[in-house]
Protein chains: 2
Amino acid sequence: MAKDVTLADVARLSGVSRATASRALNNRPGVKPAVRERVLSVASESGYRPNRAAQNLAGNGTSVIGLLLGHAYLEQLPYAGLLVQEVTRAADAHGLGVLLITDMDNPSRGVRNLVNDGLVNGVVVSVTATDNLWTDELLEANMPAVQVGQGRLATPVKTVDVENKESSAHIVGHLLDTGCIKLGTITGPLDRLDARLRHEGFLLAHERRSIPVDESLILEGNNSKERAYELAAELLDRQPDGVFAGNDQTALAVCRQARERGINIPEQLSVAGFDGTYIDEFSIPRITSVVQPFTELGTKLVEGLIAAMNGDNEAGHQLLTPSFFYGETTRPPVN
Amino acid sequence: MAKDVTLADVARLSGVSRATASRALNNRPGVKPAVRERVLSVASESGYRPNRAAQNLAGNGTSVIGLLLGHAYLEQLPYAGLLVQEVTRAADAHGLGVLLITDMDNPSRGVRNLVNDGLVNGVVVSVTATDNLWTDELLEANMPAVQVGQGRLATPVKTVDVENKESSAHIVGHLLDTGCIKLGTITGPLDRLDARLRHEGFLLAHERRSIPVDESLILEGNNSKERAYELAAELLDRQPDGVFAGNDQTALAVCRQARERGINIPEQLSVAGFDGTYIDEFSIPRITSVVQPFTELGTKLVEGLIAAMNGDNEAGHQLLTPSFFYGETTRPPVN
DNA sequence: TTGTAAGCGTTATCAT
DNA sequence: ATGATAACGCTTACAA
């Protein structure tokens with residue numbers, strides 16, 4: 001259709017210079033109201049759309065943010081899918097596009113691309129199970145960034161995460177309060193803060209009820225389904241009557257193991273997870289879990305990133321409040 | 001670190017002009033081998049990365065493709081997640097970035113943005129259950145595009161899809177050959193070609209075995225989980241001994257309904273789906289299904305798009321060969 | 001084979 | 001308040 005309308009066209013049609021047109025369009029001061037209005041209406045009538053590549057080149061930054069997912073991250077469905085969805089939605093609400101980056105094999109190369117390619121001027125990075133080399137690279141490159149979840153204990157970058165410790169304590173409390181007396185757990189990688197906090201929540205719930213923790217039932221996983229499946233086998237050999245998993249994928253692996261051993265859930269074994277990704281009407285089973293507020297997560301991430309792009313370099317760590325879902329993997333509360 | 005290295009830097013360091021450097025970098029003819037080599041090595045040593053925004057502006061098109069997902073598409077996990085993953089992977093292999101677009105509320109606006117923003121010069125569009133208004137918009141805007149799956153009968157755009165009819169006939173045949181004599185089905189929306197073909201496969205399998213089809217057990221769904229759940233209730237009321245679902249989500253909804261009615265799978269009810277998204281070691285249950293070759297799908301989509309971007313406007317329809325997975329929702333073959 | 005120079009669409013720095 | 005004009009980094013005729 002109609003050849004692309006450029007700023008020059010709008011300027012000409014409005015009888016002003018490109019500079020003035022630009023100012024008007026960008027809500028910059030120093031434009032007579034009448035002129036501004038005229039430019040604006042011409043722009044909208046002509047279907048003008050700024051060329052972002054040009055805006056970017058001209059030094060004003062892009063209207064595209066990057067979303068950096070670990071190589072294996074997208075496979076870790078459905079968490080990743082929800083994250084992508086909500087970040088995209090939130091970004092869109094701010095007129096920002098989302099460039100998906102999944103190549104994590106070589107952090108350096110990837111980040112350099114991001115920075116130098118000039119298509120992106122801010123990045124939402126997800127912590128992966130393995131590391132967060134990316135964060136260093138990004139900071140070094142002076143690229144505004146926000147991280148999903150908490151990695152190392154002190155990450156010098158903005159992070160947004162769900163509250164982990166108390167939430168975990170709450171859901172573990174549910175296990176203990178519905179009859180479990182011998183809980184096992186498969187944690188995430190404990191060098192990651194979020195995994196550690198979830199585990200601390202596990203311990204805390206016991207402590208509050210003065211119930212001893214059986215150390216032999218604490219297994220450290222790495223959030224991968226495969227590892228979780230192996231560990232579940234090991235754990236179930238020791239016959240716990242309940243399991244708290246560091247995430248829902250792990251919880252599902254436990255359910256799978258139980259199923260294969262003919263252990264009934266929740267009659268013989270209760271299972272609780274974290275994330276809230278298997279709670280809809282159709283999941284089998286619906287897993288009792290701490291539910292991440294994904295929509296809010298996306299919103300806060302994008303807001304945080306925008307702040308960072310505007311020069312706010314404070315490395316605040318924001319915590320969101322989760323909700324809880326009591327599914328079919330735990331018994332109903334005893335009153 | 002090191003301030004962004006530009007083409008000018010590389011040129012200066014190599015003792016040539018920017019034009020020559022550009023030619024060397026882009027494998028253009030007319031550069032003395034020795035010079036080319038020098039430029040290349042300088043570029044790599046200095047960590048040079050072309051600024052894509054600039055490349056784009058200069059008229060050479062972008063190195064970013066769009067991936068257009070329906071508004072509700074990303075929720076339709078895990079299919080969407082796999083698609084995103086594989087398209088991204090394939091794109092990356094060609095040095096292309098992927099810009100994710102999910103806003104489908106207003107096609108016109110979205111497409112115009114895509115086209116005019118100048119960040120993307122090719123799009124992979126997924127057919128959604130609702131429509132493909134996008135396709136028209138895209139074509140009208142002269143934007144190179146490839147579509148995932150087949151929508152209307154004759155789509156004037158390149159498409160890549162899994163073979164639907166014979167594959168469905170095969171998996172339905174498996175149901176019939178393992179003892180089912182009263183099959184029901186919940187199809188996708190039949191105004192979509194892929195859904196229709198899958199249904200034709202269902203009919204074909206019966207025909208080949210001279211088994212009559214019970215028309216009252218054919219229900220048309222819309223690929224949404226919610227609708228599938230409702231229809232499953234309706235269908236199970238009529239007591240089929242097997243169900244072929246238009247996709248795995250639907251199959252899962254059927255399993256859910258069965259579970260809630262105390263119907264055992266596969267003893268009392270066999271279920272088969274399409275997509276192959278619930279077949280891994282951890283899914284509960286592992287659903288017998290036609291397995292889409294997702295990796296190949298991503299590859300073909302990107303290849304097709306690249307061809308389209310290079311001027312190949314032929315609207316070919318490419319069919320991929322799926323594999324089959326026999327899971328826990330069907331009985332083992334009777335020998 | 002290589003260099004010069006003219007854009008690409010936008011924003012920003014000056015003047016005016 | 002507005003308008004020239006110079007960048008931004010790159011590609012590409014057109015010259016040499």
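This structure is a prediction, so every number in the text was calculated from the model and none was measured. Sequence lines set the chain letters: A, B, ... in the order given, protein chains first and strands last, and positions in each chain run from 1.
For B:Thr20, the listed nucleotide lying nearest its side chain is C:dG3; candidates were D:dC10, C:dG3, C:dT11. In the set D:dG3, D:dT12, D:dC10, the nucleotide with an atom closest to the side chain of B:Arg28 is D:dT12. Closest contact between the side chain of A:Val35 and the listed nucleotides D:dT2, C:dG7, C:dT10 involves D:dT2. Listed candidates were C:dG3, D:dA1, D:dC10. Nearest to the side chain of A:Lys32 is D:dA1. Checked against C:dT11, D:dC10, D:dT2, the side chain of B:Gln55 finds its nearest nucleotide in D:dC10. In this structure, the nucleotide among D:dC10, C:dG9, D:dT12 sitting nearest to the side chain of B:Pro50 is D:dC10. The nucleotide whose nearest atom lies closest to any side-chain atom of B:Ser17 is, among C:dT4, C:dT10, C:dA12, C:dT4. Here the nucleotide nearest the side chain of B:Ala54, chosen from C:dT2, D:dT12, D:dG9, is D:dG9. Closest approach to the B:Ser22 side chain among C:dT10, D:dT12, D:dG9 is made by D:dT12 (side chain taken as heavy atoms from C-beta onward). Residue B:Ala19 places its side chain closer to C:dT4 than to any other of D:dT5, C:dT4, C:dC8.
The only member of B:Val160, B:Val124, B:Asp312 that meets side-chain contact (heavy atoms from CB on, under 4.5 Å) when paired with B:Leu305 is B:Val124. Looking at B:Leu7, B:Val42, B:Val39 one by one, the single match for side-chain contact (heavy atoms from CB on, under 4.5 Å) with B:Tyr48 turns out to be B:Leu7.
Atom P of nucleotide D:dC10 and atom CG of B:Asn51 are separated by 6 Å, given to the nearest angstrom. Note: CZ (B:Arg18) to P (C:dA5) measures 11 Å, nearest angstrom. Atom C1' of nucleotide C:dG3 and atom CZ of B:Arg12 are separated by 17 Å, given to the nearest angstrom.
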Between A:Leu40 and A:Leu25, is the side-chain contact (heavy atoms from CB on, under 4.5 Å) condition met? List the steps. CA-CA 6 Å; A:Leu40 253 35; A:Leu25 260 2; 3.4 Å; yes

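With respect to the salt-bridge test (charged N to carboxylate O, under 4.0 angstrom), the residues A:Arg89 and A:Asp92 do not qualify.
At the phosphate of C:dT11, OP1 or OP2 sits under 4.0 Å from a side-chain N or O atom of A:Asn26.
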